[in-house]
Amino acid sequence: MGISVLPIVVDGPAHEHRTVCLEGGLDLECGVHLASLEVAYCTYGTLSPTRDNAILVCHALTGDQYLAEQHPLTGKPGWWSRMVGPGLPIDTDRYFVVCSNVLGGCMGTTGPRSICATTGKAWDSAFPPITMHDIVAAQAKLIDHLGIGRLFAVIGGSMGGMQALTWAADFPDRVFAAMPIATSPFHSAQNIAFNEVSRQAIFADPDWHDGHYRDFDAIPARGLGVARMMAHITYLSEEALSRKFGRRIRHDAATAVPASSSPSLFGEMFEVESYLRHQGSSFVRRFDANSYLTITRAMDYFDLAAEHDGDLANPFRESQTRFCVVSFSSDWLFPTSQSRLLVRALNRAGANVSFVEIESDRGHDAFLLEEPDFDRTIRGFINGAAEHAALLAGEG
Ligand SMILES: CC(=O)SCCNC(=O)CCNC(=O)[C@H](O)C(C)(C)COP(=O)(O)OP(=O)(O)OC[C@H]1O[C@@H](n2cnc3c(N)ncnc32)[C@H](O)[C@@H]1OP(=O)(O)O
Ligand SMILES: N[C@@H](CCO)C(=O)O
């Protein structure tokens, strides 16, 4: 197995960034065999001699492995820097934390930008369709490579929560505790609809070139930017947008973030428009359109009950995993009602499950923000699971 190790940087908890080429490639659910599987990942903390302290953190749709240190493209802190580190709720003094870029991504793990072994060219839009099971299977190969049998915990928000659930369903003996956050056991019709609008925005961009835009030295920046603008609205809430911007007009419209195509009508724009343009244009600088299409599709396919004879309890029967399901009260993208469905199914399956709805008016992305109750919930669940593990070890 080939490994490249990037230097440790000292802007967060001690960590390593690596890309590993995993032998044997990966058989995808669609029937395609990926001859080469590379996984880019970051680790924080130290694996215990008994290898029982590993926490896998799974990222959301546009996240990546830069969990708790500076992002190389944006220069910003890792997306969960406030959650992962020494003494933080996911405490790197106690736990060995792993976060990998998902299969299909664009930050080093095999995805549309990778070279197809058969053609010798980048896959681009010919990258095969993948599922949440494929994403998790690639992570499982990484966890094997790290010599970890059972993960102490798998934690993730949004699409990261879909991965946490898939881990518990596909590898019940390898997950001691699971925390699916702001997520759902299936992607709803409304969410598929939003994804489809995003995809159509990309396809409508004249720089799309059937997904082979890189051959034309182009990127479908307008389409991808609009896709992100639209999606970003779904990550917030009416309250959050009203509080941030209300109906305020941006008076320095001339110097505001430019629109990707047309000028602002009437020479002025609302602050919220400027904000969304900023979100769209900064996203385009860090993400690839084909990865966006690949991963949104994987989310759309996700439906754990449908795969198990229509009963969501089925994948969790016999499960020994401790679950803590977390939702946010103002999350209308992955509403609490979907978490409740999951909790009911876990109860029917006889699983060990707790459920917390965090009061927040900041919408879906609240899981990325400062929410003291949420921090306490994560810390409490991890501590409780550790006590349980110690008890079991004592009994054994
Ligand atoms: C789980 C994972 O894997 S993480 C997923 C990938 N990461 C993300 O999705 C993070 C991107 N998302 C965000 O930044 C989301 O906005 C949030 C909700 C998480 C952050 O919320 P907040 O910290 O409240 O930041 P906010 O939403 O106000 O956005 C701040 C940005 O908007 C800009 N901004 C704010 N107001 C305006 C305005 N009127 N006009 C233009 N830009 C504006 C700020 O300058 C800042 O820009 P920067 O990010 O380039 O520094
Ligand atoms: N804002 C996060 C969560 C979306 O579910 C992301 O872009 O990945």
Side-chain angles (χ1 to χ4, degrees), residues 52-58 60 89-90 95 131-133 135-137 139-140 143 148-188 299 301-328 331 334-358 367 373-374 376-396:
D52 61 354
N53 69 334
I55 296 182
L56 176 69
V57 177
C58 302
I90 301 178
Y95 297 101
T131 65
M132 220 47 68
H133 299 284
I135 286 173
V136 162
Q139 287 165 348
I143 297 304
I148 299 164
R150 187 172 66 165
L151 290 159
F152 170 69
V154 183
I155 300 176
S158 195
M159 190 186 87
M162 292 178 172
Q163 291 160 66
L165 290 173
T166 304
W167 261 97
D170 291 359
F171 300 101
D173 301 332
R174 299 190 70 178
V175 182
F176 183 72
M179 193 175 218
I181 301 159
T183 194
S184 171
F186 64 96
H187 217 213
S188 69
M299 290 181 83
Y301 290 142
F302 187 63
D303 184 352
L304 271 182
E307 295 165 3
H308 292 86
D309 302 323
D311 186 346
L312 185 54
N314 285 343
F316 305 111
R317 295 196 195 282
E318 320 283 323
S319 175
Q320 297 301 308
T321 302
R322 278 171 77 100
F323 292 88
C324 179
V325 177
V326 180
S327 71
F328 291 87
D331 184 350
F334 290 88
T336 292
S337 56
Q338 290 173 10
S339 287
R340 285 192 201 284
L341 274 179
L342 172 62
V343 172
R344 284 193 203 106
L346 287 165
N347 278 329
R348 278 204 314 282
N352 180 337
V353 57
S354 58
F355 171 53
V356 180
E357 183 188 45
I358 307 288
F367 76 96
D373 250 7
F374 179 43
R376 279 191 286 274
T377 300
I378 293 203
R379 199 187 284 276
F381 178 63
I382 290 175
N383 287 346
E387 279 172 27
H388 185 197
L391 206 68
L392 292 176
E395 284 170 4

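- Residues Ser327 and Phe355 meet the side-chain proximity criterion, which asks for heavy atoms closer than 4.5 Å.
- Taking each heavy atom of Phe316 and Leu165 in turn, the nearest pair found is CE2-O, 3.9 Å.
- For the pair Met179/Ile382, no side-chain contact is recorded, criterion being any heavy-atom separation below 4.5 Å from C-beta on.
- Expressed to the nearest 0.5 Å, how far CG of Leu312 lies from CG of Leu346 amounts to 7.0 Å.
- The line from OG1 of Thr183 to CE of Met299 is 7.0 Å long, rounded to the nearest 0.5 Å.
- Interatomic distance, Trp167 CH2 to His133 NE2, rounded to the nearest 0.5 Å: 13.5 Å.
- The aromatic rings of Phe374 and Phe328 stand perpendicular to each other, their planes meeting at an angle above 60°, with 30° marking the opposite boundary.
- Remark: Thr166 OG1 to Ile135 CD1 distance equals 8.5 Å, nearest 0.5 Å.
- Distance check: Leu151 CG to Asp173 CG gives 12.0 Å after rounding to the nearest 0.5 Å.
- When side chains are defined from C-beta on, Leu392 counts as touching Phe176, because their heavy atoms get closer than 4.5 Å.
- Between the side chain of Ser158 and the main chain of Gly160, no donor-acceptor pair closer than 3.5 Å is present.
- The closest side-chain heavy-atom distance from Val326 to Phe381 is not below 4.5 Å.
- Tested against Leu342 for a side-chain contact (heavy atoms from CB on, under 4.5 Å), the candidates Val353, Val325, Asn347 yield a single pass: Val325.
- Taking every heavy atom of both residues into account, Gly161 and Pro180 meet most closely at O-CB, 3.9 Å.
- When side chains are defined from C-beta on, Pro172 does not count as touching Glu318, because their heavy atoms never get closer than 4.5 Å.
- Closest approach of Gly157 to Phe367, counting heavy atoms only: CA-CE1, 3.8 Å.
- The shortest heavy-atom contact between Val175 and Arg150 is N-CG, 3.8 Å.
- Side-chain contact between Asp311 and Arg317 is present, with heavy atoms from C-beta onward closer than 4.5 Å.
- Annotation for Tyr95 and Ile55: closest pair CG-CD1, 3.6 Å, computed over non-hydrogen atoms.
- Considering all non-hydrogen atoms of both residues, Arg174 and Ile148 come closest at NH2-O, 2.9 Å.
- A distance of 10.5 Å separates CZ in Phe302 from CE in Met159, rounded to the nearest 0.5 Å.
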